There are 2 protein chains.
Amino acid sequence: MPAGGRTDAHGATTSERILDAALGSFATRGYEASSLDALAVGLDIRKQTILYWFPSKEVLLEAVIDRSAIELSEALEASLASAGSGWARVEAVVRSVFRLAARRPELLGLVREMGRLGTPAATRFVSAVEPLVQRATGFLEAEMDAGHMRRHDPRLLLLAIYSTVIGMLTEVEVLRAFGEEPTARSLVRRRNEILELLRSALVTDAA
Amino acid sequence: MPAGGRTDAHGATTSERILDAALGSFATRGYEASSLDALAVGLDIRKQTILYWFPSKEVLLEAVIDRSAIELSEALEASLASAGSGWARVEAVVRSVFRLAARRPELLGLVREMGRLGTPAATRFVSAVEPLVQRATGFLEAEMDAGHMRRHDPRLLLLAIYSTVIGMLTEVEVLRAFGEEPTARSLVRRRNEILELLRSALVTDAA
DNA sequence: CGATCTGTCTACCATATGGTAAGTGACCGG
DNA sequence: CCGGTCACTTACCATATGGTAGACAGATCG
């Protein structure tokens with residue numbers, strides 16, 4: 001039985017509920033714009049209960065980051081473990097990110113928020129996800145060496161892929177401007193568009 | 001002589017100086033996290049001078065958005081006016097956005113911030129830039145019809161291009177994680193990477 | 001010269017914020 | 001049954017926030 005306070009009707013501990021609400025708020029409103037008071041009201045809890053579990057707002061942020069980094073890493077590692085090789089591997093990862101976006105959009109929102117938080121919060125997240133970046137660049141490089149993919153700077157290529165995927169998943173307002181509704185159907189269309197785009201950009205005829 | 005208050009040593013009116021500082025702060029710290037007090041201190045001005053020119057923080061935001069939308073539109077329109085056709089046109093626009101990012105990074109930062117602001121602030125920006133989106137999708141569609149570019153959904157394609165470019169220009173923390181320093185040289189490398197990527201994704205052999 | 005207008009300032013204020021201090025009740029081992 | 005710990009609460013507090021009211025100096029104009 002994990003510590004974290006009394007459990008509610010759904011078996012969630014208080015500290016878990018706080019983390020969930022904080023993640024949602026940080027991801028959509030931003031860290032600085034999120035207030036402990038508002039969080040507490042939303043949870044029907046007193047602010048001091050939050051400060052009991054997380055002695056300061058910054059500590060709460062760190063906890064949210066750590067938990068999210070783990071969840072993100074696990075999701076990606078899982079998709080990598082079962083994925084094939086070559087282009088199929090890229091496709092599997094993109095698909096799993098889109099699945100994650102459908103199930104837990106706040107996670108992707110938090111990733112975007114990282115940029116604004118700067119050191120040391122972002123450093124925390126970055127170092128947690130670092131191994132994945134290493135694996136990914138290594139993989140891309142190998143595929144290029146094997147002639148399966150067009151040659152690019154693997155780090156910059158990864159950055160471009162990341163930007164495209166995250167952007168198409170999180171820029172809701174821009175999506176609206178481009179006439180895309182935030183529906184599941186639209187999500188699938190965006191995923192397929194990205195996959196097509198990446199495939200024609202990356203895969204060589206040799207593969 | 002445009003109104004806007006007394007002019008400083010460099011000929012800038014007070015209201016212009018306020019708009020500049022606000023743009024910078026909104027773009028990097030975010031709207032909600034920016035305070036009028038901090039803005040005033042940075043400008044060596046009293047907060048009430050800000051509220052004299054812009055009667056509320058929200059009005060200030062609207063003014064910043066309007067001015068930025070105009071500046072952005074003009075920069076893009078200019079690059080479109082002198083650009084050639086086909087792939088050269090896409091390349092010209094991407095290059096001009098990168099030039100803009102080097103000269104006025106806050107403009108791009110504000111675009112990213114739009115997503116968080118939601119209605120009605122984003123609507124304001126979106127409707128100001130809307131004509132550009134129309135022109136761009138129309139152009140892409142024509143190129144596809146002519147067989148110069150691979151067929152895609154033009155709106156989704158534009159969204160993908162936008163996401164990639166904005167992401168690679170604004171996600172400073174992620175850039176750091178990927179080992180890219182925020183230098184001019186790195187900017188050029190990122191630009192070239194994007195151009196290569198887009199070219200292999202879009203251009204058909206027929207072109 | 002006196003009245004008015006413009007731009008900026010000083011003096012406040014209600015509210016919201018992150019955080020401290022000290023309680024209260026339920027449970028638990030001895 | 002009783003002292004202590006755990007989870008959470010009420011009661012505050014200093015500071016920061018967006019915003020109001022009004023004074024004051026300099027220019028403009030009749």
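Quick note on labels: first sequence line is chain A, next is B, and so on, each numbered from 1. Please read all numbers here as calculations on a predicted model, not as lab measurements.
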- Message: Under 4.0 Å, heavy atoms only, any strand: does A/Ser15 hit a base, just the sugar-phosphate, or nothing?
- Response: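 Nothing, no nucleic acid heavy atom in range.
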- Query: Under 4.0 angstrom, heavy atoms only, what part of the nucleic acid is A/Leu51 near: base, sugar-phosphate, or nothing?
  - Reply: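 It contacts base atoms.
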Has [X] got a side-chain N or O lying under 4.0 Å from the OP1 or OP2 atom of [N]?
X       : N      : result
A/Thr14 : D/dC8  : yes
A/Ser35 : C/dT17 : yes
A/Ser56 : C/dG18 : no
B/Arg46 : C/dT8  : no
B/Tyr52 : C/dG7  : yes

I need the [atom1]-[atom2] distance between [X] and [N], as an integer number of Å.
X       : N      : atom1 : atom2 : value
A/Asp44 : D/dC8  : CG    : C1'   : 13 Å
A/Leu43 : D/dA7  : CG    : C1'   : 15 Å
A/Phe54 : C/dG19 : CZ    : P     : 14 Å
B/Leu39 : D/dT17 : CG    : P     : 11 Å
A/Ile50 : D/dT9  : CD1   : C1'   : 13 Å
A/Glu32 : D/dA16 : CD    : C1'   : 13 Å
A/Trp53 : C/dG19 : CH2   : C1'   : 19 Å
A/Lys57 : C/dG19 : NZ    : P     : 8 Å

- Message: Quick check on side-chain contact (heavy atoms from CB on, under 4.5 Å): which of A/Leu158, A/Asp153, A/Leu159 does A/Arg155 satisfy it with?
- Response: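 The passing option is A/Asp153.
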- Message: Nearest to the side chain of A/Lys47, heavy atoms from C-beta on, is which of D/dT20, D/dA7, C/dG18?
- Response: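 The nucleotide sitting nearest to the side chain is C/dG18.
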- Message: Side chain of A/Gln48 only, heavy atoms from C-beta on: which candidate in D/dA11, D/dG18, C/dC9 is closest?
- Response: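 Of all the options, the side chain of A/Gln48 is nearest to D/dA11.
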- Apply the test side-chain contact (heavy atoms from CB on, under 4.5 Å) to residues A/Leu60 and A/Leu19: give CA-CA distance (whole Å), side-chain angles for both, the deciding distance (0.1 Å), then the verdict. CA-CA 8 Å; A/Leu60 174 60; A/Leu19 283 173; 4.1 Å; yes
- Heavy-atom side-chain proximity of B/Glu32 to B/Phe26 below 4.5 angstrom: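 Contact flag for B/Glu32/B/Phe26 side chains = no.
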- Query: Counting distance only, does the side-chain N/O of B/Ser25 pair as donor-acceptor with the main-chain N or O of B/Ala22 below 3.5 Å?
  - Reply: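 Not confirmed, B/Ser25 side chain does not pair with B/Ala22 backbone.
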- Donor + acceptor pair across side chains of A/Arg190, A/Ser186 (<3.5 Å):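 A/Ser186 and A/Arg190 do have a side-chain donor-acceptor pair below 3.5 Å.
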